[in-house]
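A short worksheet on the structure shown next.
Counting begins at 1 with the first residue of the sequence.
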Amino acid sequence: MEIIVVDGQALNVVEQGDPDGPALVFANSLGTDHRVWDRVASAFMADFRVIRYDKRGHGLSDAPTGDYTIAEHTADLIGILDAKGVAKAAVAGVSVGGLIAQSLALSAPQRVSALILSNTAAKIGTAESWAERIAALETGGIASIADAILERWFSPDFFTHRADELRGWRNMLLRTPLAGYRGTCAAIRDADFRARVGTIAVPTLCIGGRHDGSTPPEAVQALADAIPGARFTLIEEAGHLPCVEAPEAVVAAMRSTVVGNG
């Protein structure tokens, strides 16, 4: 554990791998922490300087009250890169982590060598759907919507054959600070890069999950179609978190994008 303070917010950062290798940064999803990338990140540690972190409102990072913005999340990531002396990195983000990665590529393209955009889109959900989720949080907390969230996160096969592991991911979700979860819901609600993603000019891989109930494959495909030269990979055996359900498939898909572009 390493705490880096950016704009007054304490952010938990984990660095592993080759300290002299090219930087590869992972950003987590709503309701998870950096551990969501464990099985993928480990595959790159021999050759990359692997940096993971808990975005604000999650894990061991501070969880300020109020609405967050993707711009704030992006500034947090830039602050981490600056503190680590990383001029440029390949960035992998899942879900809202993918929005942060897109935002970084758009606002500071000189800092990004390649993008892995997993289970994300240029616009996720609608103002109405996020208003409903925030209202549910304010009424019943995360526990009141946890079952529905997990059904979007994982495939039916995961529920059947990995029920013990599912309990751990449920615990991670439930232990997310309510302020952090709610604040990040607002950030996702307000983020819309549809008019701008066509200007992204780095090697990009978009990953979808066949059983994803949050960002369906067609939404991820549309993102890939909008980014010049982007590739799309569909992982059949996964839902919203292929990095958890099918890490080997994610690693295999990632290699051709990050190797040589770190």
Side-chain angles (χ1 to χ4, degrees), residues 24-34 36-37 40-41 51-58 68-78 80 89-109 111-125 130 149 152-153 184-200 202-209 212-227 230-235 238-247 249-251 253-254 257-258 261:
L24 174 57
V25 178
F26 292 91
N28 59 297
S29 58
L30 178 65
T32 69
D33 61 32
H34 72 276
V36 76
W37 284 108
V40 173
I51 298 171
R52 292 176 291 159
Y53 71 104
D54 299 337
K55 67 181 176 293
R56 69 166 61 195
H58 292 71
Y68 304 169
T69 67
I70 294 298
E72 287 175 326
H73 280 300
T74 305
D76 290 344
L77 177 51
I78 291 173
I80 291 170
V91 182
V94 58
S95 193
V96 64
L99 287 174
I100 296 167
Q102 292 173 63
S103 176
L104 181 64
L106 291 167
S107 62
R111 307 300 295 266
V112 179
S113 59
L115 287 175
I116 306 297
L117 303 177
S118 178
N119 303 81
T120 191
K123 172 67 176 175
I124 299 176
W130 289 109
I149 291 170
R152 291 191 290 268
W153 278 8
T184 302
C185 284
I188 301 170
R189 176 196 66 200
D190 297 337
D192 187 350
F193 298 126
R194 288 175 292 184
R196 301 174 59 200
V197 291
T199 66
I200 291 176
V202 297
T204 300
L205 169 67
C206 298
I207 297 173
D212 188 344
S214 294
T215 49
E218 56 268 25
V220 186
Q221 177 74 71
L223 176 62
D225 291 343
I227 298 174
R231 296 186 299 115
F232 172 72
T233 293
L234 179 63
I235 299 180
H240 190 55
L241 299 177
C243 49
V244 172
E245 281 202 78
V250 173
V251 169
M254 283 181 61
T257 299
V258 301
N261 292 308

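Between the side chain of Gln221 and the backbone N or O of Phe232 there is no donor-acceptor pair closer than 3.5 Å. At least one donor-acceptor pair under 3.5 Å links the side chain of Lys123 to the backbone N or O of Arg189. Judged purely by atom type and a 3.5 angstrom limit, Thr74 uses its side chain to pair as donor or acceptor with the backbone of Ile70. A donor-acceptor contact shorter than 3.5 Å is absent between the side chain of His58 and the backbone of Leu30. A donor-acceptor pair under 3.5 Å links the side-chain atoms of Trp130 to the main chain of Ile124, judged by distance alone. Although no hydrogens or angles enter the test, the distance criterion places a donor-acceptor pair under 3.5 Å between the side chain of Thr69 and the main chain of Glu72. A side-chain donor-acceptor contact under 3.5 Å links Lys55 to the backbone of Ser29. The closest donor-acceptor contact from the side chain of Gln102 to the backbone of Ala121 lies under 3.5 Å.
Heavy-atom minimum distance, Asn119 versus Gly239: ND2-O, 3.2 Å. The two atoms that bring Ala249 and Ile235 nearest to each other are CB-CD1, 4.0 Å, heavy atoms only. Heavy-atom minimum distance, Val96 versus Asn28: CG1-O, 3.8 Å. The minimum heavy-atom distance linking His73 with Tyr68 is given by the pair NE2-CD1, 3.8 Å.
To the nearest 0.5 Å, atoms CD1 (Ile100) and OG1 (Thr184) are separated by 7.5 Å. For the atom pair CG of Leu241 and OG1 of Thr32, the computed distance is 7.0 Å after rounding to the nearest 0.5 Å. Taken to the nearest 0.5 Å, the CD1 atom of Ile78 stands 5.0 Å off from the OG atom of Ser107. Between the CG atom of Asp212 and the OG atom of Ser95 there is a distance of 8.0 Å, given to the nearest 0.5 Å. Between the NE2 atom of His240 and the CZ atom of Arg152 there is a distance of 9.0 Å, given to the nearest 0.5 Å.
Each of Ile207, Val94, Leu223, Ile188 was scored for a side-chain contact (heavy atoms from CB on, under 4.5 Å) with Thr120, with one residue passing: Leu223.
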Given the rule in the side-chain contact (heavy atoms from CB on, under 4.5 Å) test, do Thr257 and Thr204 qualify, once you have shown the distances and angles that lead to the verdict? CA-CA 7 Å; Thr257 299; Thr204 300; over 6 Å; no
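Phe26 and Trp37 have tilted rings, their planes meeting at an angle from 30° to 60° on a 0 to 90° scale.
Counting only N and O atoms by type, the side chains of His34 and Asp54 include a donor and acceptor under 3.5 Å apart.
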